[in-house]
Structures are given as structure tokens and as C-alpha cells.
Amino acid sequence: MLSSLKLLQPSTVAEASQALAEHGENARIYAGGAELLLLVRHGLVAAEVLIDIKKIDRLHRIQLQDGTLRVGACVTHHALENDPLVREHAPALASAESQLANVRVRSQGTLGGNLAFNDPHSDPGTALLVHNPAVILGGAGGERRVPLSEFFIDMYATALRPGELLVEVEIPRLPVGMNSAYRRLHRYQRPTLGVAAAARAAGGAIEEARLAVGCVGPKAQRLTDLEGKIKGAKLSDARRIVKEERKRLGNLLQPVDDLMGSAEYKLYMTGVMICEALEAANGAAA
Amino acid sequence: MEAANKNSTDKVGRFSDAPRRIDLKAKVTGRAQFIEDLPDLPGTIYAAALLSPYSHARILSIDASEALAMPGVLGVVDREHLDGVNPRLKLGAHDHFKLPDDQDFVAIKKVRYDGDLVAVIAAEDLATAERALQKIHVEYEPLAPVFDAVEALAPGAPILHEERGTNLLLEDSLIWGDVEEGFRAADRVFEETYSSPSMFHHPMEPIGGCLMHYLNGEVNVWLPTASPMRDAGEFAHFLGLEAGKVRLRVPYVGGGFGSKIPTTAHYAVLLLTRRLQRPVRLVPSEEYSFRQNSRHAEVFKAKMGVKADGTITALDVELVVDTGAYTTGGATGLHNSVISAWGCYRIPNLRVRGRCAYTNKVPAGHTRATGKVQTTWGIECTIDSVARQVGMDPYAFRKKNVLLRGDYVCKGTPAMDTDYLDLMSEAIAGIGWDGKSDLAPEKKAASSSPWVRGRGMALSLRHGSMGGGRAYALVTMDARGVLTIQHNAAEIGQGTHNLFSVIASETLEIPQSQVRVGTPDTAVSLPFAGVSAQRTTMQMGNAVHNACKQLKQELFTLASQAKGGKPEEWRIIAGKLCWGEAAFSIADIVRCYGGSVVLKAVGYHSAPPMVKDSAFAGMDHWAPSGAALDLEVNRDTGELRILGYAIIADAGKAIHYPSAKAQTDGGAVMGFGHALFEETVYQDGQFQNGDPFQYRLPLMKDVPEDFYSSMLEKGDGPGPFGSKGMAQTSIVTVGPAIGNAVYDALGVRVRSLPITPEKILRAMGKI
Ligand SMILES: Cc1cc2nc3c(=O)[nH]c(=O)nc-3n(C[C@H](O)[C@H](O)[C@H](O)COP(=O)(O)OP(=O)(O)OC[C@H]3O[C@@H](n4cnc5c(N)ncnc54)[C@H](O)[C@@H]3O)c2cc1C
């Protein structure tokens, strides 16, 4: 049961961060509320003041500027999955958004809420990582820009400082000839495993590949070592290389046994799905 | 009171052009009242339950004083506040076992599962009651829990009920012939083990809601339950009242599948309403519901002897059944498993031995086809596996060994009364299969696509409606010619009230719009064991049929006295009483008595009597089904795609076709849940997935698009119009049909439910 809460509705980022600074620990940013209201109801978050940021126009934008796609924090999953700019510019993200949970959660939840909450069992962060994006964080002292790979610190922990909110995600254009794809494994609403790949191939060999894995492990992360190992390899050899690297992947990701499956299963499937995502990214590029 | 929708049903004599269900409109428009829709009575207060967070712990102290001091809090029931009642619940007598009364309705010394009731608070409103729960201070001393029945029976396991000295609750067996002899006569002997996890029924309406009011030495109870007469009796006994002093009414019930029985907190609510003399309401949450009931986990271990030509010579089965923390449905779970473990085959030498054990899990009551989802999974995979190992096609092996119509089955049962060959041929045709399996599936591994096709089948047999004593129905024909049926069979989703309406309309040959069906109310003392065990159509259906036949006879007698002729010369045709050329409305005849006379008749059904030394007490008929399944499985990921499923149940006669078919469909969909997803998981001392977010149910997308369900209707059952109980036949075949199809595709066997991609990968040795 919800206890009574105070709702603030600022109309600018500055007002929002000011309200955050003012109420400190008692206040929470309230975007879609898909996550937050559950937390409050179960007594896991003791907020007294909710700062509803949905009245801030700027947070609802999806804009292509000089080759960079800018997505406001309050854009919903549903809007992202259907946006032609996103589909063209960041196919992995559009794909991840379309597979996220169910249409009710997608219509309510926002990209900013998802990234800021940083639940390990999430989709968009993994898909975004292969696009080398950055997030814009706004606070009392203005705005700063942090690469997404540095924004995710640990499960439920991000680079957000007290008084700061996530304003926007900047997604640069992929290099020419490169495409991205996302693969998701799930048994429940939330994903068991998410894998993203962006790749460019020429003459059957991988010229450049970016790989990211989420859910298995505490946070979504890039697999830079593996990316290096498959660079220059034939697509048909990638499977073998990924298999050889499984042990190293295990050390990096540290999967655990839980309701979704055993650590061994998750690691095995990570290998399978890296290859699937790579093939899909290449297939799309071809 | 439900009445038929006029224009859709105002015809008689049409079983198959299926009028709309009489409760359809109310349910679709939201007008139908379930327990939470019933308005508060004046002065209603709210109860909230405190459940144990530990699976096994001693209670060192409970202190509710801070909670009781809160404004708005009216009272508590815990071990310190029992109003002098004996907290030990009395179990009903069982046909086959002497059962121990092992459960207190509220924890006294120990808690034995995550969810055991510790206290119930009553307050002016729900929010206050829930806040007060947090102010009850309980000191626990955690004890080691045991979550597996086999481990619970091993030496050194933590003991749940110290006074018993063991976790073994009951033992049971079924023996005929001589298995040792049978194994000697066999050319080959095979051993197979299959296990099923505990799971939760997950009715849409959570378990445990109620509204109770104690007034002037009597209690009015509104409760979603399957067995109002039994529950009213138990509540009266608990309070030391005469049976008639508890009046229980049943609103529409939002699904049960065996789970809608009294919960421990209901007894606390009885005490609170008596103490406070105000109506008390309990509104359960999903998390609470998950902790009220479950299905028995089970291990099925079989040894089967066969001759080289595929004739079965012997079957020896050992079962371990997990009843959770208390007896609850342990006796039925064990007994049903034992008497169904042999499947539907001619087995000259049989021995089934079962043990039922306590574990620190949510107690297992009854679940749609209690005990038989587990044994059908075991025996039908065993049959497939043994057939393949002797080099026979599983379909041919089944045809060779299955019981045929008229075959003797066992002492105390009817002879086999169905046609398995028809069930099998229709099932395989339903998925467009000739029934032939791939006897060397390993070879398919050579193909380049990761997706491999496989097909499998499964048969099932369970006893039809069994025991439960007599069922009574009361029918009243008023001076308008309107018939009212009173009974104590709850409408729990399956269409019972509609069924009675159709039976009455068919029997009396009056339009359904002239039939009213009452809702269960124990004030009209009409015994019935409850809507469970495939009893309703058979037992209550027959009682309604019988009552209507008596009434019809009386109408004929009355008509002949009033208008002439002999009773046997009268007929009812299209709702009119006819004698030769003369036709009268029923109202005309009823009014012959003058004044406001009504005609009444009490009808009943008696289950066949118990047969001495038979494990099959008072059985009316057999209830079989046959299923076939077509799938693709991905060799790299273990993922399954169900391409088609066909299920054929023997209904004898579908009295209301859409409802009977919905039972077949619904059972199969629930079966897909059991086969592929559902499992209650216990780890690190706790129930891990006792909420709808973490408990995976089947979704619409998990049901194959090519889904064929049908019924055999030979009019050969002992129910009204030749019907049989059939609602539990379709749930059991899904698991083994999938398991067998996976084998057909890959040549590997998954031996525990649910069949997950991970288990398939493990069986293939990929992880
Ligand atoms: C049933 C269900 C299924 C789900 N399945 C999935 C799934 O499959 N994949 C997946 O990725 N996610 C899933 N989620 C999670 C959910 O969809 C996302 O996390 C959602 O996008 C959260 O967004 P929101 O706007 O509702 O956040 P809110 O609930 O409003 O906020 C979440 C948290 O982030 C903070 N916050 C919100 N916005 C900002 C901001 N701009 N700056 C700083 N802090 C902020 C809030 O203070 C709060 O702590 C699921 C959730 C539910 C309830």
C-alpha cells in the first residue's frame, strides 16, 4: 500500500535538480514510475517527495543533429521501438525496445528511468553500448557528458551524483558499413540474457566488431578483448573463437545461478547468442 | 439466481447447437459478483495476516502489544490470543487412511513453512491492519529446513513434527499378480525415473478472501470455496457450534483447481468476528495466495519387464510424494498417485509402493487431477522409452498393451469403458501424423538447420467421479411454470450452474429461460462433496436429472388426475404438457392444486458403494484421454516451438459442448504450464518465487496455434444423458507428449518437469 507522497512537477531541468538538491534523500525523480512505484509500495524506497519530470519538454525529444541522435530521458520504450529515426540510426536499440517486457511496461517506462535505475536485467543499456553513446547529466552546476560505459558502475549504481538527473542520451552515427543487432533470451518478463553486436564485414572477414552483454553479470558491458580476437577473423571462424573464449568470458561476467537458469547455462547461451547477434548485424549490413 | 438469456436459449432439445452459458453475460459485463465485489456489511472491519518469513523456526516469543495499542486496531489472534479454542485442526475421515491431526491453525511452537500463519490482526480499515502487522514482534530461532521429500526421508534430516519422530506421513500400495514372477518371465527389464516439482494452482482470484459475521450465536460466512457443506461443518465444529449454526454462501469463484479450501486465517477470522461481534473481511494479496496451497512434488521410479515381442510382463513402481509441511491433501496425493501409476495398460503383475513425506514447503492440497499429472508424466515417458529400447514403435507398443473396452481392470472398478484405439487415432490425425516415430532420432543431428522436428504421444487414465457420499439437489416448479434448482455445487468457472440449467431443460423439455439456478447456500441443507474429482456432472448432474425426472412424473400424475388419461399417456413437448391433441402449459397444471402451490422434488446420486479390499472406492467410471504433439527443438539453444497439439477426451456426452470443450482446452493450457514453466522454487531457506512476477505461467503465445481438442461422445457414461466426468483428463498428457516428442527429435530424454531449454541442453551434453 502506498503512503501519502508529495508530488512536484518542475518544468525545467534546472528546477528539477534544484528540487532534488533541496529535498535530498527524501526525494526521488519520478519518470514513468514503472519501477519506482513498485519500490515504494514494497517499502524498498522511502521517498516522501516525488519529482515528476514528465512536464519538462526537452526530455521528450528524439532528434538527429549533425549525425548524432539525441534521445530525451522521458522518451518511453514504446516510442523508441516505433521511431523511424531510431530504427535507422540504432537498430539494436529499436530491437531491444520492442522486446522489452510487455506493451504496458513499454508504454509507461522511460529510457532515462531504465538507465538511471540500472537493474542488471535490462535491455536498452546493452543495446546502446555497441553504439558508443554518452549520457548528459544535469545538476545544480550545469550539465556534464559521461560515456555510457562509464555511467554504469555496478548493479543499481551509476555515475549520477546527488542532485543530478539524466537528461539525454547521445548516440553517434555508426561507421559506414556497420550495422547493429540485439538478441534477447527470456523466460520471464525481464531478460535472462541480452547480447548486442555491431559489425562491419568485408569479403567474409570481420573488419570491426563491437560486442556487449547484459544481465549475466552485475552490469551491461562491452567485451573489448573478444572484439579484438575476432577482428580480422572469418565470420565462419567466429563461432570457434567465441567458444574458445568461453572460460575467459565467464571470468569477466561472473554469472550466477538463479531462477532464470544456472551460471553454466547463461554462459553457454552467451556464446551462442554472441554469434547470432554477430551474424544478424552482418546480415543486416549485407 | 441465474436465468438463461431469453433469445439465445429459448429452445429445447439442442445439446450441440449450444446455447450461451447462463452466467456469460454477467461475467463479461463485470456484473457477476465475486467475493471482493460483495459490499461491506454495516460495521465491517478488516483482517490482515502475518505469515512466517522462515521455512522452519521455533517461535521464542510473540509480542503484539504495540500493534494492539495502535489507534484503529481492534484485536489479534496469535498463540497468546486464542479465546480458549483448541488450535489443532481436525482432519476429516479418509476412506483409506487414519490421518494425524498435525496442524494448528496458527503457529504455536514452530513455523514449518515460509507462509505459516503466525497472527491475524483486525482493524477498522485494511491499511491500519497492514501497518499493525509490522508492530507485532516475533522472535524466531531458525532451524534447518528440508525441501526435498527424498532427503526428508533420509536419516539425519531435520524433523518437522518432533512428536512423530519421522517425516514419513503415510505409506500406500497397490499390488496384483507377482512382480518377481513377471520380471522372470520378461526378456528385458528397464528402469526409469521421472520427477515433478511442486507448483502453484494460481487461480485468477487469489486464495483466502472471505467475509464472516457472527451474530446471535450464528455465523454468516461468504467464501469462495469448492465445498460449502464440508467447510460450514468444519467451521461449526471449530467454534463448538451445531452444524446448522454456520451458514455459508458461495459467490462466483474466480477459479480454484483444487486450491479453494479454507485457509488457516479463516479460523482466525471466525474468532475475531465472534470476539468483536462485527463483520470481518479478509482481502488476500497474490503473495499471500501463493502461500496457501500447492501441488505435490513427486518422484516416480519404475522398473518394467517386457517380452521380446513387446508384451509387458511386470511393472514395479516406487513413489515419493511431498505433501509439504502438513497432511493437508497428502492422503489423496499419495493414494491417487499409487492407483494411477500403472497408466492404462494390461499389466499382469503390478506392484506400486508409495511414501508420502513432510517437507518445509507450502502444504499441498488437491490440484486438478491430484497425483496424476505426476504419474502420467512418469508412466507415459516410461512406455515411450521402453518401446524404443525394445526396438518397437511407441504407437505400436501402446496398441499392443493398452486396455480395451470390456477388459477387467482391478477389483472394485468398472471394466474398461473406453476405446483407446479411437482416442489414439483421432489424436494423431489431429496433428496430421501417422503415429510413426523416428526410432533413430540421433541421426537427425546431421541436418544443417538447428531446428529438429519431433512428435510424441501420451495416453491417460484416471478414475472418474469417485466416492464423496450422496449428492442432493432440490427442484421447485412454481405456479408460473418456472423451475428453480437449489444445490451446493459452486460455480468456480467451469460452468456448473449452466450445466444444471441444461440438464433440467433437457429432462423436463422446457425452455432454459424457464429455469433458474440458485447459488450454493448451506441454509438449504443439500449435501454434496464439492466441485472436485470430476464429480459435478456425474454426481450433482445426476441429482438434478433425478429430481427433474421425479418432478416430470408428478406433473404427469397431476395432469392425468386433472385433465384425464393415464400418467404414461402424457408427454412434455416444447414446454407444453400434452395428452393426445390437448396441450396445456405447465403453469395450467401446477395451478390445478389451486392457490400458490409449488411442486418440489429432491433428487440424489449415490456413488457406488465401497468394495472391500479395493483401492478404488466407489468409482463410477473411467476417465481417459489421448494426446499427440508436434514440435521443433533447436539443437543449439534447447528452445522449443510447439507446432501442434491434439487432445481427445472421452466425455461420454458433452452436455454443454462449449463448456466441455473449454475444460479440455483449459486443462491442456494448464498442462503446458506444468510441462514447460511452472515450479515453486525453494532455496536458501525460503520460497523464492511466491509472487506472480517470478512464477512463470503459460502465456497465450505459449499455446500452439494449431491446437485441436475434441471429445469422444458415445453416450456410454453413467452421468446424465450418457456423460462422464472429464474435466481433469486433458491436463495430464501434455508433459509426457512433449517429453516424448523431444526424444523423437533429438534422441535425448528430459526426466524432470518442467522441460526447460537448459535441461534439454544438459541432456544433450552441451552444458
Ligand atoms: C513488469 C516489469 C517488467 C519489466 N521488464 C523489463 C525488461 O524486460 N527490460 C528492461 O530493460 N526493463 C524492464 N523493466 C524495467 C522498467 O521497464 C524500466 O526500468 C523502466 O523503463 C523504468 O522507467 P520509468 O520511467 O518507469 O522509471 P521510474 O520508475 O520512474 O524510475 C526508476 C528509477 O530511476 C530514477 N529515475 C528515473 N528517471 C530518471 C532520470 N531521468 N534521472 C535520474 N534518475 C531517474 C527514479 O528516481 C527511480 O529511482 C520491467 C519493469 C516491470 C515493472
Side-chain angles (χ1 to χ4, degrees), chain A residues 1-4 34-35 37-39 41-44 46 99 101-105 119 121 183-193 195 216 236 238-240 242-243 246-247 249-250 255-279, chain B residues 46 48 123 125-134 197 283 285-288 448 450-451 634-640 673 676-684 686-702 754-767:
Chain A
M1 196 158 284
L2 284 176
S3 44
S4 49
E35 206 69 72
L37 297 184
L38 280 178
L39 295 171
R41 196 175 76 131
H42 288 284
L44 298 170
Q99 297 177 67
N102 56 55
V103 70
R104 297 173 299 285
V105 172
D119 184 296
H121 291 282
R183 283 289 180 273
R184 181 184 207 255
L185 178 71
H186 63 104
R187 189 168 171 77
Y188 301 85
Q189 303 263 303
R190 284 189 173 273
T192 301
L193 168 65
V195 174
V216 181
S236 49
R239 245 171 219 275
R240 179 184 47 80
V242 171
K243 208 164 167 182
R246 197 178 294 165
K247 190 154 179 240
L249 264 180
V256 294
D257 297 341
D258 59 24
L259 285 174
M260 302 184 187
S262 68
E264 289 155 302
Y265 169 64
K266 292 179 193 170
L267 192 56
Y268 169 86
M269 286 305 298
T270 304
V272 171
M273 286 177 46
I274 285 173
C275 299
E276 281 186 5
L278 259 179
E279 280 161 22
Chain B
Y46 280 79
D125 58 84
L126 183 57
T128 307
E130 288 188 342
R131 268 198 297 275
L133 292 181
Q134 290 158 20
V283 181
S285 66
E286 279 274 11
E287 289 79 1
Y288 173 87
S448 67
W451 291 99
N634 186 307
R635 268 190 277 125
D636 293 337
T637 63
E639 203 183 324
L640 290 178
L676 299 174
F677 311 109
E678 294 184 53
E679 172 173 24
T680 50
V681 178
Y682 290 83
Q683 230 181 336
D684 304 327
Q686 274 182 319
F687 184 7
Q688 297 290 324
N689 59 342
D691 61 80
F693 197 49
Q694 300 187 83
Y695 185 83
R696 173 69 155 87
L697 289 164
L699 308 173
M700 278 321 284
K701 72 172 171 59
D702 298 318
I755 301 166
T756 62
E758 173 167 357
K759 287 181 190 168
I760 292 173
L761 291 171
R762 279 190 195 282
M764 294 175 77
K766 297 221 166 181
I767 46 175

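Keep in mind the model is a prediction, meaning the values are calculated, not measured.
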### Task
Go through B:Leu699, B:Asn689, B:Val681, B:Leu761 and name the one with the most non-hydrogen pairs under 4.5 angstrom from chain A.
B:Leu761
### Query
So which heavy atom on A:Tyr268 is nearest to which on B:Ile767, and how close?
CB-CG2, 3.2 Å
### Task
Let me see the working for B:Phe693 and A:Arg190 under side chain to side chain contact (heavy atoms under 4.5 Å, CB included), right down to the final yes or no.
CA-CA 9 Å; B:Phe693 197 49; A:Arg190 284 189 173 273; 4.3 Å; yes
### Task
Evaluate side chain to side chain contact (heavy atoms under 4.5 Å, CB included) for B:Thr637 paired with A:Glu276, printing each intermediate quantity in order.
CA-CA 11 Å; B:Thr637 63; A:Glu276 281 186 5; 4.1 Å; yes
### Query
For B:Lys766, does the NZ atom sit with more than 12 other heavy atoms under 6.0 Å from it, leaving out its own atoms?
yes
### Contact list for residues 691-701 of chain B, test side chain to side chain donor-acceptor pair (under 3.5 Å), sequence neighbours left out
B:Glu678-B:Tyr695, B:Asp691-B:Gln694, B:Arg696-B:Asp702
### Message
Between B:Glu287 and chain A, with a heavy-atom cut-off of 4.5 Å, which part of the residue counts as in contact: side chain, backbone, both or neither?
### Response
side chain
### Task
Answer with side chain, backbone, both or neither: which region of B:Leu676 has an atom nearer than 4.5 Å to a non-hydrogen atom of chain A?
backbone
Report yes if the side chains of [X] and [Y] come closer than 4.5 Å at any heavy-atom pair, otherwise no.
| X | Y | value |
| --- | --- | --- |
| B:Thr756 | A:Arg187 | yes |
| A:Thr192 | B:Glu758 | no |
| B:Arg762 | A:Glu264 | yes |

### Query
Quick one: side chain to side chain donor-acceptor pair (under 3.5 Å) partners of A:Asn102, sequence neighbours excluded?
A:Gln189
### Message
Just verifying a value: how many Å separate A:Met273 CE and B:Asp636 CG, rounded to the nearest 0.5 Å?
### Response
12.5 Å
